[in-house]
Amino acid sequence: MKVLSIVGARPQFIKAAVVSRQMRRAGVEELLVHSGQHYDANMSDVFFRELELPQPSYYLGIGSGRHGEQTGRILAGVEDVLLKEDPDIVVIYGDTNTTLAGALAPVKLHIPVAHVEAGLRSYNRQMPEEINRIVADHCSNLLFCPTETAVQNLKREGFQNIGPAGHSDAGNESWFPEQQRQTPLVVNVGDVMLDLAREVKVQLDREGQGKTQILGRYGLRPQEYVLTTIHRASNTDESENLRSILAALRQIARSGLKVLFPIHPRTRKALAEADLSALLDTRGIITSDPVSYVEMIALESEARLLLTDSGGVQKEAYFFKVPCVVAREETEWTELVEIGWNRLAGARTEAILAATEAILREDFAHKPRPDYYGTGHAAARIVNVLQWFVER
Ligand code: UD1
Ligand code: UDP
C-alpha cells in the first residue's frame with residue numbers, strides 16, 4: 001500500500017508525526033507532501049527534527065497568500081504529485097487551507113481520501129477552518145473522528161456508516177460489514193494529539209531536569225504563570241479584538257501571575273500593523289517566538305492556566321489537567337466547555353478576566369475528567385483501518 005500524506009501547517013506536522021511513525025512500524029510506504037503553507041523554521045523545521053518526521057518527498061513551497069490564491073496553488077501542486085505517484089490513498093489532517101486543497105485534488109482524480117480529525121464543527125461559517133472541514137469531510141472516504149461529538153456532528157450531516165468507537169483489536173477490523181464498503185466510513189479512533197502529548201509528557205517527567213530547564217529559560221516556576229497563544233483570524237485581523245486580549249494579559253500580569261506569550265507569525269505581523277507591540281512591554285509579560293513542541297508540552301503542563309484560541313492547545317490543557325480560558329465565542333471542543341474545564345470568553349477584556357478569576361477560584365483537583373479523546377492509540381487504529389481499506 002502506498003499512502004500520500006499532505007501537511008503544511010504547524011498542527012499538521014504534529015498530528016502527522018504520530019501517524020507517520022505508526023505507518024513505518026506497520027511497514028506501510030508513505031510519501032509526505034509539505035505544501036509550504038508554514039515555512040519559518042520555528043513553524044515547520046523544528047517539528048520535523050524534534051518529532052522525527054521524515055523529510056518530505058515533495059516540498060511545494062507555496063508560502064502565504066489570500067485564501068483562494070494559497071488554496072489554488074496547493075491544489076495544483078498536489079494534483080501534479082498525485083498524477084506522478086498514483087497513491088492508493090491520500091491522508092489529510094485538520095482544517096487548514098492545505099487540508100482543503102489536499103481533499104479536493106485526490107477526490108477529483110478518484111483517489112480515496114482519509115481525513116484525520118474529521119467531524120469537528122464550530123458552526124461558525126465566518127471561520128475559514130469551518131469551510132475547510134466541511135468540504136474535507138464531504139470529500140473523504142475514511143473519516144477519522146477524535147471524539148464522539150465529532151461522530152454526532154457527521155451523523156447530523158447524513159453520514160450513516162459508523163464504525164465502533166474504541167476498538168482496540170489491532171490488526172482485526174473485521175467489524176466492518178461487507179455491504180457498506182462503498183459508502184464513507186466514520187470511525188471514532190480517538191485523538192492523535194493525545195497519543196503524542198502523553199508520550200512526550202512521560203519523557204519529560206522521566207528526565208526531570210528537562211522541564212525545569214525549559215521553564216527556567218523564561219524565568220518561570222510551576223503554577224506561577226499563564227501560558228497564552230493567540231492566532232485566530234478573528235482575533236488578529238480585527239485589531240480591536242487583539243487590543244482587548246492584550247489588555248486582559250496586562251491585567252493578569254499586574255495581578256501577580258506571569259504571562260508567557262509565544263507569538264505566532266500572523267499575530268506578530270498584526271501587532272506590528274496595528275501598532276500594538278508596545279502593549280506587551282509590561283512587567284510580568286514574557287514574549288517569545290513560537291516554541292518547539294517539547295517546550296510547549298513542558299510549558300503547558302506546568303502552567304496555572306492556559307489562555308488560547310488554538311484548537312490543539314485547548315485539548316492539551318485538558319490532557320495535562322490544566323484549566324483553560326478560550327478566547328473565542330464558540331469552540332469545536334464543546335465537551336470541555338460543558339464539563340467546565342474550559343471556559344469560552346471571546347475576545348473581550350472583562351470576559352477573559354472574569355473567566356480567569358473564576359478558574360483561579362475553583363478547585364480542579366477532583367473535577368471529573370472523562371476519556372473524551374480515547375486511550376492514546378488513535379494512530380494505531382488509523383493505520384489499521386487504512387490497511388484494511390486499501391488491502392480489502
Ligand atoms: C493556519 C490555519 C489555521 C491553523 C494555523 C496553525 C488556514 C486558513 N489557517 O493559520 O487553521 O490554526 O495555521 O498555526 O489554513 N506566516 C509567517 N511564517 C510562516 C507562516 C505564516 O510569517 O511560517 C505569516 C504570514 O504573514 C501569513 C500569516 O502568517 O500571511 C498567516 O499564515 P497562514 O498559513 O495563512 O494562516 P495561519 O494564521 O498560520
Ligand atoms: N504549539 C507549539 N509551539 C507554539 C505554539 C503551539 O508547538 O509556540 C503546538 C501546540 O502544543 C499544539 C499545536 O502547536 O500541539 C497547535 O497548533 P496551532 O495552535 O498552531 O493550531 P490549531 O491547533 O489552532 O489549528
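Counting starts at 1 for both ligands and their atoms, following the listed order.
Under a 4.5 Å side-chain heavy-atom criterion applied to ILVMFWY residues, the cluster that includes I134 comprises that residue alone.
Looking at R243, its side chain never comes within 3.5 Å of a backbone N or O of L276 through a donor-acceptor pair. Side chain of R381 to backbone of N188: a donor-acceptor contact under 3.5 angstrom is found. When atom types are taken as modelled, the side chain of W341 and the backbone of P368 share a donor-acceptor pair closer than 3.5 angstrom.
Taking 4.0 Å as the cut-off between side-chain N and carboxylate O, E117 and K315 count as a salt-bridged pair. Under a 4.0 Å N-O distance rule, the pair E79/K108 does not qualify as a salt bridge. One finds a salt bridge joining K201 and D205 here, because a Lys/Arg side-chain nitrogen approaches an Asp/Glu carboxylate oxygen to under 4.0 Å.
Ring pair F48/H34: centre-to-centre distance below 6.0 Å.
By the side chain to side chain contact (heavy atoms under 4.5 Å, CB included) test, S288 is found to be paired with Y218, P262, V291, residues two or more places apart in sequence or in another chain being considered.
The residues lining ligand 1, counting any heavy atom closer than 4.0 Å, are P11, Q37, H38, Y39, D40, M43, S64, H67, Q70, D95, T96, N97, E129, H231, R232, H264, P265, R266, K269.
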Are there any N/O pairs under 3.5 Å between ligand 2 and the protein, and if so, what are their distances?
unit_1: ligand 2; atom_1: 3 (N); unit_2: V291; atom_2: O; d: 2.7
unit_1: ligand 2; atom_1: 8 (O); unit_2: R10; atom_2: NH1; d: 3.4
unit_1: ligand 2; atom_1: 8 (O); unit_2: V291; atom_2: N; d: 2.9
unit_1: ligand 2; atom_1: 11 (O); unit_2: E316; atom_2: OE1; d: 2.6
unit_1: ligand 2; atom_1: 11 (O); unit_2: E316; atom_2: OE2; d: 3.4
unit_1: ligand 2; atom_1: 15 (O); unit_2: E316; atom_2: OE1; d: 3.4
unit_1: ligand 2; atom_1: 15 (O); unit_2: E316; atom_2: OE2; d: 2.6
unit_1: ligand 2; atom_1: 19 (O); unit_2: S310; atom_2: OG; d: 2.7
unit_1: ligand 2; atom_1: 20 (O); unit_2: R10; atom_2: NE; d: 2.9
unit_1: ligand 2; atom_1: 20 (O); unit_2: R10; atom_2: NH2; d: 2.9
unit_1: ligand 2; atom_1: 23 (O); unit_2: S310; atom_2: OG; d: 3.4
unit_1: ligand 2; atom_1: 23 (O); unit_2: G312; atom_2: N; d: 2.8
unit_1: ligand 2; atom_1: 24 (O); unit_2: H231; atom_2: NE2; d: 3.4
unit_1: ligand 2; atom_1: 24 (O); unit_2: R232; atom_2: NH1; d: 3.3
unit_1: ligand 2; atom_1: 24 (O); unit_2: S310; atom_2: OG; d: 3.4
unit_1: ligand 2; atom_1: 24 (O); unit_2: G311; atom_2: N; d: 2.8

